[in-house]
Amino acid sequence: MDKLTKNDNGEMVLVNIVEEMVKQKVDEMIKSLDMCGCEKCRLNACAIALNNLPSHYVTTEKGALLGQLEDVEVNYQTNLTVEVMKALMTVKEHPFH
Ligand SMILES: [Zn+2]
């Protein structure tokens, strides 16, 4: 997880919201594809998609992330779905194991 946590109050986190969305989307879409769903393939698909998407960092209170995901999701949804699908196809055709 690419997160920085403040130690003084332990409540604020810095998070790339696109990363969270890509992980969710990969998990969602990998099930409907006839392909390997192991940890390695899932993470490789995440990496490929994330390298093709602009990152979007937010600071948020721990646990408050879901609300922000929904706000940003609308703007990123189309592009994100396309990139995740392309990444999954790449991993499907060329698994790294
Ligand atoms: Zn695999």
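We count ligands from 1, going down the list as the structure has it; atoms in each ligand are counted the same way. Values in this document were obtained by computation on a predicted structure and should not be read as measured data.
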*Give the C-alpha distance, both sets of side-chain angles, the deciding distance and a yes or no for side-chain contact (heavy atoms from CB on, under 4.5 Å) between Glu19 and Val15.*
CA-CA 8 Å; Glu19 183 181 330; Val15 58; over 6 Å; no
_Hydrophobic clustering (ILVMFWY, side-chain heavy atoms < 4.5 Å, transitive) - are Val22 and Leu43 grouped together?_
no
_If you compare all heavy atoms of Val18 against all heavy atoms of Pro54, which two are closest, and at what distance to 0.1 Å?_
CG2-O, 3.5 Å
*Calculate, to the nearest 0.5 Å, the distance between atoms CE and OG1 belonging to Met21 and Thr81 respectively.*
8.0 Å
*Looking only at atom types and distance, does a side-chain atom of Asn16 sit under 3.5 Å from a main-chain N or O of His56, one as donor and one as acceptor?*
yes
*For the Zn ion (ligand 1), count the protein N, O or S atoms found under 2.8 Å away.*
4
*Name all pairs fulfilling the salt bridge (Lys or Arg N to Asp or Glu O under 4.0 Å) condition that reach into residues 82-92, sequence neighbours left out, sorted by first residue then second.*
Glu83-Lys86
